[in-house]
Amino acid sequence: MCGIVGAVAERNITTILIEGLKRLEYRGYDSAGLAVFSAQDGLQRRRRIGKVRELESAVADDPLVGQLGIAHVRWATHGAPTERNAHPHFSGHEVAVVHNGIIENFEALREELKTLGYVFASETDTEVIVHLIHHLLKSTPDLADAVKAAVQRLHGAYGLAVVSAAQPDRLVAARSGSPLVIGLGIGENFLASDQLALRQVTDRFMYLEEGDIAEIRREQVSIWDQAGHAVQREVVQYHEGAEAADKGHYRHFMLKEIHEQPSVVQRTLEGRLGKDHVLVQAFGPQAAELFAKVRNVQIVACGTSYHAGMVARYWLESLAGIPCQVEVASEFRYRKVVVQPDTLFVSISQSGETADTLAALRNGKALGFLGSLAICNVGISSLVRESDLTLLTLAGPEIGVASTKAFTTQLVSLMLLTLALGQVRGTLGTGVEAELVDELRRLPSRLGEALAMDTTVEKTAELFADKHHTLFLGRGAQYPVAMEGALKLKEISYIHAEAYPAGELKHGPLALVDADMPVVTVAPNNELLEKLKSNLQEVRARGGELVVFADEQAGMSNGEGTHVINLPHINDALAPILYTIPLQLLSYYVAVLKGTDVDQPRNLAKSVTVE
Ligand code: G6P
């Protein structure tokens, strides 16, 4: 899995494919390849391990020219990152396929296809798709029809681009669980897994929906939905300025990044969920084997990423029954650590270059961990290169120094890890995985609902602008969310903010509470709610102003000095992700009121690559 580009045109499309791949490099990958059809040479391909520029020089040394082609950057799931495993995969020189996602029943299909005489050249799951289509073309000569028949046999997730030497005027695409977008040109059309890859050639796009199959020709695009009915998909036009490194209509990158969370969370989930379970292979080729041996987890990270790790500890222990320890990297790296047998080392980092986190990973190698997993936003980072397994958070470039979308995509990734480990170890309760997979699919729209409270939170921010201290309270997995809320406020508004587990209030911080110290709490509707309500009474009794972000079903209402902001009801396990959003917005609006440099707060750096 990783990135797809395709083109059908009158001109030579090789350079368009390579440029498209370069624009997908941010996602992280280990090899790249392309296949091009020309009337003279038929289907030809070039593949290289490493960077797209290696592929580019391979094409420069031995040029490929054609008007139809598909290209791919691969992130190994089945089979090591080798040239043989790189896409496109061929069936003879007749059919070529590139694929994002994971085919779960590939072993059974491979055996079946072998008995039909197909010889496999790679260890990938993708190769079954190309031979299957080749086989079906014998009885179903139209390429789109053969792809429609082939996908009926596939279990798992896929975004596919297929070409056939016998039908060189078309490109066929299929989407299920892994995104694809058609780029519309004049007398030429394109396909990609992300519109960014095609901004070089067009600004008009059609997004395929789940289950869609498309036949893309130079002058015509036909799309069929899951039920096989011909459908039209809306054409979306992008204007300059919608690029990732541009603020668009937002006043700050931070606000833009806060608002991107529904779409980046969606992207982090794509290609990683089966019907009712997490696709374990999304963590890499050796994940299933390694996860089966894991009996403990050690998480190491810094800053916001550390808070994500703290939430994960609650999830790993309560949902998957796996003991978990979490520590800031700067402590872990200098401490004498006792490692329990069969412990997986998990590092979490937006940048993948944080000096302490990297040092902790390097030291960890000598400590006898079972293996290492990086949860990271930068595919080409040192942390990713030096870890055994990786799950990329796919939040896209994060420009604001205060981390927002990286945090929520880390949380989503850590929930995937919890479910994957629990699945492989058989420690999840009955129905837990199916329910949470379902809830995860709904999460982007829930986050959208939380963002719709933007103006309410902006109004609430006025309470804080003249304050010098604040207290954030949470219980259970919401305690680290309170810590993250406090960190955001101090980072960008320079107001002193501390987070406490609500039960600790009486053991010290209550002495500070008065009318000048507002208290912020997150109150999902769970078994800790009644206890939290008592803690809030303790604050009110001391004249402290309360801001409560509460589940709409929690039965909390505004009162003297109590400001309740209701959030949509959500499964308790996913509540930490949802409740993060209003806390980010709160810090943002307080900082705007105070006139600070929101995107580049004083004394802080986005990536701390020195000790
Ligand atoms: C810096 C950044 C934070 C970030 C932390 C860890 O302090 O300002 O936003 O959370 O580093 O960075 P990482 O890239 O490892 O997640």
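Indexing begins at 1, ligand by ligand and atom by atom, following the structure's order. We use all heavy atoms of the structure for the numbers below, so side chains are in, but hydrogens, waters and symmetry mates are not.
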(request) Considering only non-hydrogen protein atoms, determine which one is nearest to atom 7 (O) of ligand 1 and report residue, atom name and distance to 0.1 Å. (result) Val608 CG2, 4.0 Å

(message) For the 3.5 Å polar cut-off, considering only N or O atoms, please tell me whether Ser351 and ligand 1 meet it.
(response) yes

(request) Would you mind running through ligand 1 and noting each atom that sits below 4.0 Å from a heavy atom of Thr304? (result) 10 (O)

(message) Using 0.5 Å steps for rounding, measure from the SG atom of Cys376 to the CZ atom of Arg385.
(response) 10.5 Å

(request) Decide whether an N or O pair under 3.5 Å exists between Val401 and ligand 1. (result) yes

(message) Any atom of ligand 1 sitting under 4.0 Å from a heavy atom of Cys302?
(response) yes

(request) Give a yes/no verdict on a cation-pi contact between Lys51 and Tyr29, requiring under 6.0 Å between NZ or CZ and the six-membered ring centre and an angle within 45° of the axis. (result) yes

(request) State the CZ-CD distance between Phe253 and Glu260, to the nearest 0.5 angstrom. (result) 10.0 Å

(request) Check ligand 1 against Ser305 and write out every atom of the ligand that is under 4.0 Å from a heavy-atom position of the residue. (result) 10 (O), 13 (P), 16 (O)

(message) For Gln584 and Gln261, which I'm curious about, is there any donor-acceptor pair between the side chains at under 3.5 Å?
(response) yes

(request) Answer yes or no: does an N/O atom from Thr354 fall short of 3.5 Å to an N/O atom of ligand 1? (result) yes

(message) Is it the case that the side chain of Tyr494 and the backbone of Arg602 share a donor-acceptor pair, with hydrogens and angles ignored and the cut-off at 3.5 Å?
(response) yes

(request) Determine whether the aromatic ring centres of Phe291 and Phe283 lie less than 6.0 Å apart. (result) yes

(request) Write out the residue and atom name of the closest protein heavy atom to atom 1 (C) of ligand 1, then the distance separating them to 0.1 Å. (result) Ala605 O, 3.6 Å

(message) I'd like to know whether the aromatic ring centres of Tyr588 and His252 sit less than 6.0 Å apart in this structure.
(response) yes

(request) Would you mind listing which atoms of ligand 1 come within a distance below 4.0 Å of any non-hydrogen atom of Ser403? (result) 9 (O)

